[in-house]
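To keep things clear, I will list the structure first and then write my remarks on it.
The figures here come from the full heavy-atom set of this structure, side chains too, leaving out hydrogens, waters and symmetry mates.
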Amino acid sequence: MTMINLNSKMSGVETSIFAVMTKLAMDNNALNLSQGFPDFNPPEELLQLVNEKIHSGFNQYAPMPGVPALREKISEKVFELYGRKYNPVSEITITAGATQSLYTAITTVINKDDEVIIFEPAYDLYIPVVKACGGIPVPIQLELPDFTYNWNAVKEKISNKTKLIIVNSPHNPTGSILTQEDINALEEITRNTNIIIISDEVYEHIIFDGQKHNSLSSSKELSERSFVISSFGKTYHSTGWKVGYTLAPEKMTDEFRKMHQFITFAVNTPVQHAYADFMKNKAHYLALPEFYQSKRDLLLKNMKGSRFKFTPTKSTYFQLFDYSEISDLNDMEFCEWMVKKYKVAAIPLSPFMSSKSDYKLIRICFAKKDDVLIEGARRLRNI
């Protein structure tokens, strides 16, 4: 047999923790509160719209940048919420989910030995893609107890090789959010530099307790150097349809689309048309804070009396739980033990870190039906 030395760019990269824990949940017939997807359908109206678009003939390639009507609705939404007018023709691109947006943006701008500042815990896509492009990740830890930004540490890490800063707010997995003070600090740090920013804002509409989402789109200064990325999957309970979008100034969008056209070229046509119609009713995304806050509160109400410690998450549909009073196991071992013995799957925090950590924290997804949350909490209370 011929032996091939593949020498892959991703050698050494393990299977995503989300896929690992979902398989472990299936193998052990456990409640899957790990991977971040709802266990309920998108709204019936949206399902009917997709069916209508399919039967109306919208089944061939969409334009490479995306269906015009959808880009126009995104432009209107962003202007209304954040005060920034993106040209739907030249500054908005529809992608095959936010994951593709992130991959495309990173590969568009990062070359060998470019440095990329990444805040940890960090979504597990960032560092592998930076490395695959020959870039050098520069991790900076968010500060406990609330996972806040240390901008002085950022200033110390900036060098003449710094090409990119990646921020994520609302933040997965911690639920922390960028404040206006954070926006001001980032403006000051990047002013008069060539540093580009990627702002991962896929949970932009899932923010709680009356707090505000501070999009980088709302900053004139930062929006001129940023790829701002969001997702319809998180907003409309339709993660399996894989449709997201990227906002960026025209010159940055031009370069982004050069890469985009060779990664996927076009994105699901009937779904794009359906989203465009569905976005006409703003309540579909403006009501999300109340919808998911009720699920967060239901979960935490039912966790009272457990041995886990927690602070209610500020955003996303993830809640962190501290198990330090329960076990000395590391987080991966604890999650494996929990799924096998108590039939509940969660996500450990260590895969979001590039260096060894001992946070004793796990992430639970509460984008689930109420009865699943109640049963999951009951099982967790037994630990």
Side-chain angles (χ1 to χ4, degrees), residues 16-51 97-98 170 172-175 202-209 231-243 271 274-275 278 281 283-306 308 310-321 335 338-348 362-383:
S16 164
I17 187 62
F18 311 114
V20 169
M21 293 309 302
T22 290
K23 183 178 186 302
L24 199 58
M26 294 175 64
D27 291 346
N28 288 274
N29 194 29
L31 287 181
N32 187 1
L33 304 183
S34 59
Q35 194 170 358
F37 61 83
D39 67 351
F40 42 85
N41 264 339
E44 184 61 31
E45 180 186 347
L46 180 56
L47 296 176
Q48 291 175 0
L49 280 169
V50 173
N51 183 60
N172 176 16
T174 71
V202 299
Y203 297 97
E204 62 175 317
H205 299 302
I206 308 176
I207 194 162
F208 307 134
D209 303 313
S231 164
F232 291 103
K234 303 297 189 294
T235 302
Y236 298 129
H237 322 315
S238 52
T239 60
W241 297 354
K242 295 298 292 179
V243 181
V271 168
Y275 281 142
F278 198 64
N281 185 345
H284 291 313
Y285 52 85
L286 295 179
L288 275 185
E290 180 181 358
F291 175 80
Y292 275 118
Q293 184 169 332
S294 69
K295 289 189 172 295
R296 179 201 69 175
D297 294 348
L298 176 67
L299 172 65
L300 298 185
K301 175 184 176 182
N302 282 272
M303 284 296 290
K304 288 181 179 178
S306 78
F308 290 93
F310 55 86
T311 300
T313 186
K314 295 177 180 177
S315 65
T316 74
Y317 44 54
F318 303 118
Q319 173 68 50
L320 294 184
F321 288 99
C335 284
M338 192 171 70
V339 76
K340 291 174 182 177
K341 185 167 183 179
Y342 291 93
K343 306 300 181 184
V344 179
I347 293 289
I362 60 172
R363 191 198 78 175
I364 293 287
C365 174
F366 54 84
K368 307 299 176 183
K369 296 172 185 172
D370 289 357
D371 60 334
V372 172
L373 294 177
I374 292 169
E375 174 60 19
R378 185 193 67 80
R379 297 182 189 187
L380 292 170
R381 285 199 313 273
N382 288 333
I383 298 178

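Between the side chain of E45 and the backbone N or O of F278 there is no donor-acceptor pair closer than 3.5 Å. R363 contributes no side-chain N or O that, together with a main-chain N or O of P348, makes up a donor-acceptor pair within less than 3.5 Å. At distances below 3.5 Å, at least one donor-acceptor pair connects side-chain atoms of Q319 with backbone N or O atoms of T313. A distance-only check finds no donor-acceptor pair linking the side chain of K23 to the backbone of F18 [under 3.5 Å].
Expressed to the nearest 0.5 Å, how far OG1 of T22 lies from CD1 of I17 amounts to 9.5 Å. Here CG of D370 is found 4.0 Å from NZ of K295. Values are rounded to the nearest 0.5 Å. Atoms CD and OG, from Q35 and S16 in turn, are 7.0 Å apart once rounded to the nearest 0.5 Å. Separation of atoms CZ (F366) and CD (Q293) is listed at 9.0 Å; rounding is to 0.5 Å. With rounding to the nearest 0.5 angstrom, the CG atom of L373 is 5.5 Å from the CG atom of L299. In this structure, CD in E204 is found 12.0 Å from OG in S315, a value given to the nearest 0.5 Å.
With sequence neighbours left out, R381 forms a salt bridge (charged side-chain N to carboxylate O under 4.0 Å, His left out) with no residue at all.
Closest non-hydrogen pair, K368 versus F37, comes out as NZ-O, 2.6 Å. Closest of all the heavy-atom pairs between N302 and L298 is ND2-O, 2.8 Å. Minimum heavy-atom separation, F310 to L320: CB-O, 3.6 Å. In plain terms, the two heavy atoms of A98 and V202 that are nearest each other are CB-CG1, 3.3 Å. Minimum interatomic distance between V339 and A30 (heavy atoms only, all atoms of both residues): CG2-CB, 3.5 Å.
A 6.0 Å sphere centred on CD of E44 holds more than 12 heavy atoms belonging to other residues, nucleotides or ligands. Residue D371 places its CG atom among more than 12 non-hydrogen atoms of other residues, nucleotides or ligands, all under 6.0 Å distant.
A heavy-atom distance below 4.5 Å is found between the side chains of L300 and F321. Within the 4.5 Å cutoff, no side-chain heavy atoms of F208 are placed close to those of D297. Contact check for T316 versus T174: no side-chain heavy atoms found under the 4.5 Å cut-off. In this structure, L24 and M21 have side chains that are in contact, with non-hydrogen atoms separated by less than 4.5 Å.
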Worksheet entry | Pair L33-V372, side chain to side chain contact (heavy atoms under 4.5 Å, CB included): steps then yes or no | CA-CA 9 Å; L33 304 183; V372 172; 4.0 Å; yes
Would you be so kind as to tabulate the donor-acceptor pairs closer than 3.5 Å made by side chains of residues 233-241, with sequence neighbours excluded?
residue: T235; atom: OG1; partner: S231; partner atom: O; Å: 3.2
residue: H237; atom: ND1; partner: Y292; partner atom: OH; Å: 3.2
residue: S238; atom: OG; partner: Y275; partner atom: OH; Å: 2.6

Only pairs under 3.5 Å count here: list side-chain donor-acceptor contacts from residues 340-347, not counting sequence neighbours, and write none if there are none.
residue: K343; atom: NZ; partner: N28; partner atom: O; Å: 3.2
residue: K343; atom: NZ; partner: K340; partner atom: O; Å: 3.4

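If you run ring-ring contact (aromatic ring centres under 6.0 Å, His included) between H205 and each of Y285, F291, Y317, F232, only Y285 comes through.
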